[in-house]
Visitor: 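Here it is: the structure, laid out below.
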Amino acid sequence: MAANPNSKAADGKHADLQRDTVDVHDKQHMTTDHGVKISNPDQWLRIVDEKKTGPSLLEDQIAREKIMRFDHERIPERVVHARGTGAFGKFKLYESAADVTTAGILTDTSRETPLFLRFSTVQGSKGSADTVRDVRGFAIKMYTAEGNWDIVGNNIPVFFIQDSIKFPDVIHSVKPEPHNEVPQGQSAHNNFWDFQYMHSEVTHMNQWIMSDRAIPRSFRMMQGFGVNTYSLINKAGKRHFVKFHFTPELGVHSLVWDEALKIGGQDPDFHRKDLMEAIEAGHFPRWKFGLQLIPEEKADNFEFDPLDATKVWPEELVPIRYIGEMELNRNVDEFFPQTEQVAFCTSHIVPGIDFSDDPLLQGRNFSYFDTQISRLGPNWEELPINRPVCPYMSLVNRDGQGRHRITKGKVNYWPNRFEANPPATAEQGGFVTYPQKQQGAKKRALSDKFKEHFNQAQVFYNSLSPIEKLHVAKAFSFELDHCDDPVVYKRMTERLSAIDLDLAKTVAKNVGGDTPAKSLKENKGTKAKGLSQLEYMPEKPIITTRRIAILLADGFDFNQYTTMKEVLGERGAFVFTIGAQRQGVTAESGQKVIPDHFYSGARSTLFDAVYVPGGKHIQALSKNGVFKHWISEAFAHLKAIAGANEAVPFIERQIGLSEVEVAKSGSPLKESYGVITGYGDAVSLLKVGTVGPDAKGLA
Ligand code: HDD
């Protein structure tokens with residue numbers, strides 16, 4: 001195959017996909033799949049006259065093709081991470097890592113590498129809700145000039161288990177229970193917590209999934225982690241162990257649990273729409289890309305084993321070196337052939353990158369290739385979304401279901417008398433495995449450092465802010481309250497005393513466990529960097545892409561409405577007008593506005609902030625239970641709320657404030673708990689600068 005001239009350009013994959021892309025708007029006639037134009041796709045061929053409709057005829061090849069194609073539209077969903085959404089983007093390196101690797105993508109600062117990223121949840125089926133409490137998948141296919149490099153990561157840097165042979169068990173335990181297929185999209189059930197108790201190695205990970213990390217506000221506001229330990233190999237053949245990090249420009253933000261539960265019903269597609277809308281509006285999400293590196297000879301210097309996926313590498317010991325940036329900038333054209341057919345493999349690496357003996361990674365390297373065969377068939381790597389942008393050819397890999405590449409030539413084996421399709425030497429770019437020395441007995445076991453399971457779980461919990469800790473306690477309480485087997489919730493509350501006694505006591509009280517008298521493991525209060533998500537707030541608060549609702553009924557102040565709308569829009573917020581009715585609401589001064597939604601069609605949970613302009617419309621708003629609930633619910637979720645003039649007493653009443661402190665002496669604006677009310681114009685409200693998402697995630 002000829003080299004794709006775009007293989008080093010950010011649009012290289014886009015160009016590659018064009019040869020398989022057609023457009024329904026191209027004014028082409030409808031045809032059968034064998035190319036014959038169809039005259040009537042709406043009626044089956046049958047015996048019929050004016051008075052009687054007779055039997056349909058099997059002869060109708062057009063109807064049969066249509067029905068048969070439909071009957072086979074579905075393929076098996078992914079056995080985990082079935083629910084997901086994806087987008088295209090690019091990777092750009094700004095500092096070469098040639099000191100540690102020869103990989104082109106990590107050394108050549110002149111190129112832009114196209115990529116496809118699929119976000120997902122783990123537990124739920126393809127049709128489950130986006131905002132469930134779960135790990136989020138963060139899988140990236142980098143179409144590099146030397147072949148595809150897949151980083152199949154998560155938004156949480158550690159994993160439940162250490163040995164991949166336990167993967168079917170942990171997944172069976174979290175998936176719907178076998179006897180009744182319940183629950184969907186939740187880990188709040190007996191089997192999951194039974195498994196968690198039985199395996200103390202999960203203790204660190206279950207702190208993370210009970211934290212706010214597991215209910216992100218947006219895919220765009222999560223970190224990404226490669227999780228497993230890989231290797232980088234440099235020109236001199238030296239090896240560094242490596243972990244990959246992606247840190248979002250927008251900061252790390254979460255929903256509060258009550259919001260997540262409600263959005264699950266109000267808009268199950270909340271996260272996928274959020275991603276698509278931001279890209280569509282040109283607000284491309286970006287992540288900094290970084291490496292944590294441990295030279296091979298220093299791998300034994302830590303109290304944990306760097307190959308243990310249930311451990312982080314503390315940043316105090318192994319700082320992150322940021323060397324690049326990833327951006328998502330194009331939505332898919334069609335979900336199935338792109339987001340559904342994309343298939344990742346941890347074993348897809350490129351020269352300069354290698355595996356490690358991480359026992360979780362080793363099993364993953366088998367599982368991903370294998371699972372794609374049952375989902376997509378043996379030729380899944382040929383599918384347009386999966387094929388590389390660089391030249392690729394194997395004279396040996398042939399045939400099988402769904403093969404469509406035509407490989408010319410007389411031989412399909414190597415070596416052959418023509419020396420056709422020869423392998424490449426290392427100098428020619430051939431992949432050479434790192435010549436690692438091995439020793440040890442053949443046993444079903446892990447080395448000693450893998451046996452410590454609680455230290456980092458404690459450090460994680462200790463490092464959270466008080467409000468994040470409260471959320472962890474609430475999350476454990478919710479989950480264990482859903483377990484009706486006392487064996488399960490009693491054991492788990494006891495286990496929590498190995499993390500923090502107060503946490504264990506709170507949860508035991510809520511869910512009916514036995515209040516533990518003492519800690520199972522002393523907690524010395526050790527903290528570490530980079531664990532609390534509050535450390536990842538953007539340097540300067542921004543409202544870009546935040547969803548802000550303006551509530552209106554007939555009689556609103558037109559000026560206060562339009563000024564605020566314009567200013568918020570200029571700052572990149574997505575502003576939505578929520579009216580008493582979508583037929584239109586009329587301002588005091590007579591202008592008519594067509595709202596984006598009526599008040600019952602979209603709820604406060606779907607927005608980051610609310611503004612109510614002044615005007616006579618307050619009379620209608622304050623008599624309407626749903627509007628009133630809008631304000632009190634937004635307040636309960638700690639959202640920024642702003643009101644002007646007549647809206648002030650309305651808001652104050654809804655949030656239960658009898659007295660509001662004056663934020664700045666002499667200012668007509670009042671601020672209390674993030675709620676700003678005032679009697680000036682809308683722009684002066686904005687000058688206070690707190691109309692923004694800063695309070696999110698703190699309830
Ligand atoms: Fe996995 C899918 C992430 C451990 C076996 N996994 C899958 C996806 C992500 C991860 C993001 C979805 C990919 C997509 O969007 O198509 N998995 C992880 C991470 C792990 C992990 C970060 C721990 C470090 N996985 C893991 C183990 C095994 C698997 C230990 C098996 C031994 N994972 C699979 C799978 C899936 C999968 C069965 C299902 C669909 C797929 O691969 O393509 O092979």
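These values consider heavy atoms only, across backbone and side chains, with no hydrogens, waters or symmetry-generated copies. Keep in mind it's a predicted model, so treat the numbers as computed, not measured. Just so you know, ligand 1 is whichever comes first in the structure, and atom 1 is the first atom listed for that ligand.
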Visitor: Around Arg69, counting heavy atoms of other residues, nucleotides and ligands shown, do more than 12 lie under 6.0 Å from its CZ?
Guide: no
Visitor: Only one of Trp287, Phe289, Phe91 clears ring-ring contact (aromatic ring centres under 6.0 Å, His included) with Phe246; which?
Guide: Phe289
Visitor: Asp163 vs Arg444, test: salt bridge (charged side-chain N to carboxylate O under 4.0 Å, His left out). Steps then yes/no.
Guide: CA-CA 10 Å; Asp163 186 330; Arg444 295 191 184 273; over 6 Å; no
Visitor: Relative to the heavy atoms of Val227, which atoms of ligand 1 are at a distance of less than 4.0 Å?
Guide: 22 (C), 24 (C)
Visitor: Starting from atom 41 (C) of ligand 1, what is the nearest protein heavy atom, named by residue and atom, and what distance separates them?
Guide: Thr371 CG2, 3.5 Å
Visitor: Tell me the protein heavy atom at minimum distance from atom 31 (C) of ligand 1, and give that distance in Å.
Guide: Phe167 CD2, 3.2 Å
Visitor: Where is the nearest protein heavy atom to atom 44 (O) of ligand 1: which residue, which atom, and how far?
Guide: Ser367 OG, 3.1 Å
Visitor: Taking atom types as modelled and ignoring hydrogens, do the side chains of Thr346 and Asn365 form a donor-acceptor contact shorter than 3.5 angstrom?
Guide: yes
Visitor: So, for His348 and Phe344, is the gap between ring centers shorter than 6.0 Å?
Guide: no
Visitor: Between Val152 and ligand 1, which residue portion shows a heavy-atom distance shorter than 4.0 Å: side chain, backbone, both, or neither?
Guide: both
Visitor: Which residue owns the protein heavy atom closest to atom 22 (C) of ligand 1, what's the atom, and how far is it?
Guide: Asn154 ND2, 3.1 Å
Visitor: Under 4.0 Å, heavy atoms only, figure out whether ligand 1 is touched by the backbone of Gln372, its side chain, both or neither.
Guide: side chain
Visitor: Going by atom types only, do Glu381 and Asn397 share a side-chain donor-acceptor pair under 3.5 Å?
Guide: no
Visitor: Looking at atom 10 (C) of ligand 1, what's its closest protein heavy atom, distance included?
Guide: His81 NE2, 3.3 Å
Visitor: Is Ala343 near ligand 1, meaning one of its heavy atoms is under 4.0 Å from it?
Guide: no
Visitor: I'd like to check which ligand 1 atoms, numbered from 1 as shown, lie under 4.0 Å from a non-hydrogen atom of Leu360.
Guide: 23 (C), 24 (C), 30 (C)
Visitor: Where on Val80 is there a heavy atom closer than 4.0 Å to ligand 1, on the side chain, on the backbone, on both, or on neither?
Guide: both
Visitor: Report the nearest protein non-hydrogen atom to atom 16 (O) of ligand 1: residue, atom name, distance rounded to 0.1 Å.
Guide: Arg78 NE, 2.7 Å
Visitor: Look at the rings of Phe478 and Trp257 and say which category their plane angle falls in: under 30° parallel, 30 to 60° tilted, over 60° perpendicular.
Guide: perpendicular
Visitor: Taking only heavy atoms of Ser164, which atoms of ligand 1 are found under 4.0 Å from at least one of them?
Guide: 30 (C), 32 (C)
Visitor: What residue and atom, counting heavy atoms only, is the protein's closest point to atom 21 (C) of ligand 1, and at what distance?
Guide: Arg364 NE, 3.2 Å
Visitor: If we set the cut-off at 4.0 Å for heavy atoms, which region of Phe159 has an atom near ligand 1: side chain, backbone, both, or neither?
Guide: side chain
Visitor: Considering only heavy atoms of Val79, which atoms of ligand 1 have at least one such atom less than 4.0 Å away?
Guide: 38 (C), 39 (C)
Visitor: Main chain of Ser128, side chain of Arg83: is a donor-acceptor contact present, judged purely on distance under 3.5 Å?
Guide: yes
Visitor: Any side-chain donor-acceptor pair under 3.5 Å between Arg239 and Ser231?
Guide: yes
Visitor: Short check: any N/O/S atom of Tyr368 below 2.8 Å from atom 1 (Fe) of ligand 1?
Guide: yes
Visitor: Quick one: look at Phe138 and ligand 1, take heavy-atom pairs under 4.0 Å, and tell me if it's side chain, backbone, both or neither.
Guide: backbone
Visitor: Hey, what's the ring geometry for Phe244 with Tyr230, parallel, tilted or perpendicular (30° and 60° as the breaks)?
Guide: tilted
Visitor: Any Lys/Arg nitrogen of Glu327 or Arg286 sitting under 4.0 Å from an Asp/Glu carboxylate oxygen of the other?
Guide: yes
Visitor: In terms of residue, atom name and distance, what is the protein heavy atom nearest to atom 15 (O) of ligand 1?
Guide: Arg118 NH1, 2.6 Å
Visitor: Numbering the atoms of ligand 1 from 1, which are under 4.0 Å from a heavy atom of Phe344?
Guide: 13 (C), 14 (C), 15 (O), 16 (O)
Visitor: Going by the side-chain hydrogen bond (donor to acceptor under 3.5 Å, both in side chains) test, name the single residue among His482, Glu479, Lys175, Glu177 that passes it with His189.
Guide: Glu177
